[in-house]
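To start, the structure itself, in structure tokens.
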Amino acid sequence: MRGSLIRLITIAVFLPTLILMGISGYFLYQNFQKYQNVQKSTQYLELTKRLENMLVYLGQERGTTSIYSVSKGSYPNSKKILHTKRILFSKAIEDLRDFVNKHPEYYNDVKNVINLANKLPVFRKKIDSFKENYIKSYFFNYYTKLETEIIKSIAKIQKKFPDTIKKTYELKFPFERIISFTGIIRGFGSYYITADTPMSEEEYKNVLLKYYHDSNILPLYFLEPKTRAVFNSQEFKKIEQDIKTIMFYVQQANMEYYVNGEFNGYPIDALDYFHLFTKRIDYFKKAVENLNKIVDKELQSIIQKATQNLIINAVIFGIALIVFFIGIYIVRLIKAHIKELSDLLTSLTPILGKEVKIDIGSAKGINEAIKVVDEAIKVIQESVKKAEEATKAKSLFLANMSHEIRTPLNGILGFLELLKTTELTKEQQDYVNTISQSAKNLLQLVNNILDVSKIESNKVSLEIIDFKAIDEFENTLELFSTPAAQKKIQYVAEISPNIPTLLKGDILKIKEILQNLINNAIKFTHEKGLISVKILLEEIKDDKAKIYFEVKDTGIGMSEEQKEKIFEAFSQADESVTRKYGGTGLGLTIVKNYLEMMGSHINVESEINKGSKFYFTIEFDVADPTPRYKQNMFSNTTVAVLNTFRDSLRKEYSIEYLNYFGIARIGFNDIEELKKILTSEKINAVTVFYEESDKEEISKLQSLNLPIIFIASYTYKEEINKLNPDFTIYDPNLPTKTYNAITTTKEKKVVKTTKKEIKTKPLYQLKALIAEDNPINKKLLQTKLKAMGIESDTANNGLEAFNKYSMNPDKYDIIFMDVQMPIMDGVEATQEIIEFEKEEGLPHTPIVAVTANVLKGDREKFIGAGMDDYISKPIETNELERVLENVAKNKYRSYEEYEKEENTQTQTEESSVPTIEPVEIPKTEEKEKIIIASESSFLLNYLKSVLDVEFDTASQITELHKKLNKNGPNILIIEDDFNGADMNVLIKSIKEENPNTKIIIIGEKNYEQADGIISDLNPETINNTIKSVKGKE
Amino acid sequence: MKKVIFIFISFVFVFALDLTFTKAYRAFNKGVKLHKTNPQKAQQYFQKAYILLTELHEKPSSQVYFMLGRMYSNGWGVERNYKKAEEYLKKAIKLGNERAYCSLAKVYIKTGKYAKAKKYLDYALSHENLSNYCKDINPNTLKEIK
């Protein structure tokens, strides 16, 4: 049944078409035949007309020849008249001949007529000779014979007409006969009357009587009204009467001769006789003409109808034809589509294991097609599953990578740190630094790879937090001051000091971006090159700050082709770069992706051997629009600047900062000049651009009792230190550095350098339990804690940890719990411990999660599991200190314990250990009461560990109201849905009762009356939010 | 009986045609019929006929010429005038009237033109239906001519 579908369609399409075509074709043929017949009839009518014409003129010639012959041409005008009549008759014959010549197919119909007519000239001649008796020789033998033939032909032709016309045509006959007979009588009679001789008895009977008698039959009843009216007219009736009279006379005259043998002539004049009969003939001619007209009309209408029908039929047939062709086209189209589909499905058949040709035109084909499609769907589903599994595997890989790779790295870095704190020779220090740097690079590499993987797995999202803009930017830039100095690169920065204090954004990613760009700049710029970083506030519009970032260098530059390649993952400008400069080629990929996530994009301008410029713009929501540094805040300060022998970007930007702060500048060339200036002006400090100034003059400045601010690259640190500077601004100069320089010199405080210091170790007398399966990490942590004076026990997994704890619950002040451990992991162990504590009614030992996982959601997971805090691997010392301090301050106590001691508010501090605070942002002056309203003990515990401020707690609304300071200031940190209250109402009532209260909501919803919101448990965020709320007026 | 009917009908239809000729013909024939029995009446008819015929004079008619010829030949309704008779009869013959042959022959006999008379007589006698009209010619005269 191959192609049965196609066959079916073909049949369905063509069958009706063909039927239609057949029927219409049949009718078309019929109509065409009819039409042709009708056309033929027209021709026949033409022919008939010509024959009838001949009749008329034959009669006339015959008649006039009578008079002519009998008088042998002597009758006046008979010759002329006969001549005219002959011409007319000849023309009529000619007309017929013409017609037959044009349409030879009609020759047979008029063959006899033409043959006889051809003899006419001969007979005419004979007649003209007057030898024979005209009547006896020619009247009947030729003319009347010809006439008969003509009438016969007309009768024959009549049969060829369509039926409707035939009837009308038949009516003509009697009239034509009458005309003929009348003509005969006329010619015959007028001859004898002119001759004034009687007709022979024979002639009299056979001709006169016969024809006269016959000619009297008048078929009036056949006629249509008009013609009937003619024959009913008085005139015609008179003519008929006259003829009757005449015939009577003629008969009378002849009868007399036959009866008496006497002939006395005819009582009518020959010409009168002739004319009378001519008149009669005229009437009948008219009738014939009318009938001809009718026939004409009928024929016309038949023709019209036939033509119409023909056209209609032709159109229908044409339409049928068009439909037929459309059908062909459709079938072809369908065939093509079926074939296409079949081919497509055939191409899929390898799925079934074998190549089978599918033709969905057949039933078998459809079955196979279904099989193939089913199979294909299965295959696809499997592929999807596999892809999903692959993605899952990839995610798992990422997670494990984070942990597995970082763990040994953590070990390396950690112990290197420890090594650095031991006594080392210069050489050893050198080696340790190199190893440390390599390890840091490796860590950076790993982080980059993971970042790119995360980006590609779409596991990266923006974490928008409030951040201190200038501080963060400055910190980032500062990281590279040493590396730049090592390559003797002039490293300068232009940062708008009026950038809003707090911005909202993903600062971590921005820092990574800047680090990548500056890193590249340093990498690809040779010694004594220049790197300039710009972070400029473009505009603030609708609470959005547009910041322009730029990193420009005078490095090796890139070509157009290279520019396109650099953002692709793993591609660097070219292969030689990897060899020469190292790197993974991932940095810029990460930059590009991060910027795109922020709705920005990276732009590059570069020229080979001239340098490169990377720039982008980001729009930040403004959290605190106050400019970080107020413009002209040092407007009452004047600074003397030692003029330089050359300019530098460093100098340019530094002066810009001075200008922003409104600091007046006075330039001087040497110390003498300065002394002069001092007599008239108050100078707060001297600014020296070390590299660009005359060293002799600089050394002379020592003699003056003015604070000197040096601005130079880190390279010159040693030389500058020899000069006992009051303040040195090393590359890059930053708003904060300038600010510090001015404030320091103004207050003549002890200069603080921005060198990295190794902190002195704080000492605690605590006991720790370390749960860690990795021996290196275990050892590392133990050593670090030992250095802080903390003894620690270890466990290899969660179960061991639990056992060790439960056997001696009082022993440990803190438990460091690694999250990923065999047998029982950190989370489970924590839960077991907490349960154990609950059951036994034991005081809670703080549990700190130690994790390499920094994926989103992990922090919440740990807090939710019951951990009190967490630090990430590699373990940073200050994080460790923070956690230990919290423990020392008993900040991790459970809520109930805290309640008991609430009134006394004793903070136990380790008295023996003085702690040196690292350089931090200055504390606020005002003592605000901080209250945390929460029903969750875990939350309270966590906040205790995280916050570096003291606070009170409340778990009921009534309690809350009691604890709030009526006059304030208060900072209330309240969780959403506290006591199930309507927060809007609660906040309103609190603010009404305690006007000077700032309210921070812990939760997702931002309430109108609230002053801040903590939506995630990032310690930095929490502290920032509280500080920002504090700072708000 | 037929005669009576014919004559009766002829009177009825006499007014349908332009009957000048017919009237003339009737008058002439009446005269011919009566000229032996009632010459005076006949003359009246002939005169009437003559008047009518002269009306038709312009219209060429063999019959009119024939009648006029005979009238002039025999002095019917007119004064005998053989010349006019000859003229008219010749005209009639020209137009094809065959009865005129004998009449003309008679005229030639009367006027002594025997040769012409013979010609026309021969012609008349050679045509069978014409010979009837020569019946009243004197055989003796005929002999003489022959």
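Quick note on labels: first sequence line is chain A, next is B, and so on, each numbered from 1.
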Would you kindly check if the NZ (Lys) or CZ (Arg) of Arg80(B) is within the cone defined by 45 degrees around the ring axis of Phe46(B) and under 6.0 Å from the six-membered ring centre?
no
Toward chain A, the part of Asn29(B) with a non-hydrogen atom under 4.5 Å:
side chain
Strictly less than 4.5 Å between heavy atoms, which residues of residues 63-77 of chain B line up against chain A? Please order them by number.
Gln63(B), Phe66(B)
Can you tell me which of Ile67(A), Val70(A), Asp269(A), Leu271(A) forms the most heavy-atom pairs within a distance under 4.5 Å of chain B?
Asp269(A)
By a 4.5 Å heavy-atom criterion (distance strictly below it), what part of Ile193(A) contacts chain B: side chain, backbone, both, or neither?
both
With ring centroids as reference points, do Phe277(A) and Tyr273(A) lie under 6.0 angstrom apart?
yes
When you compare the side chains of Ser180(A) and Glu147(A), does any donor N or O come within less than 3.5 Å of an acceptor on the partner?
yes
Is the closest side-chain donor-acceptor distance between Tyr108(B) and Glu86(B) under 3.5 Å?
yes
Taking Ser200(A), Ser69(A), Gly265(A), Pro76(A) one by one, which has the highest count of heavy-atom pairs under 4.5 Å against chain B?
Gly265(A)
Thinking salt bridges, do Asp242(A) and Lys238(A) make one under a 4.0 Å N-O criterion?
yes
CZ on Arg280(A) to CZ on Arg186(A), rounded to 0.5 Å
12.0 Å
Does NZ or CZ of Lys172(A) lie under 6.0 Å from the centre of the six-membered ring of Phe175(A), at an angle within 45° of the ring axis?
no
Do Phe21(B) and Phe28(B) have their ring centres less than 6.0 Å from each other?
no
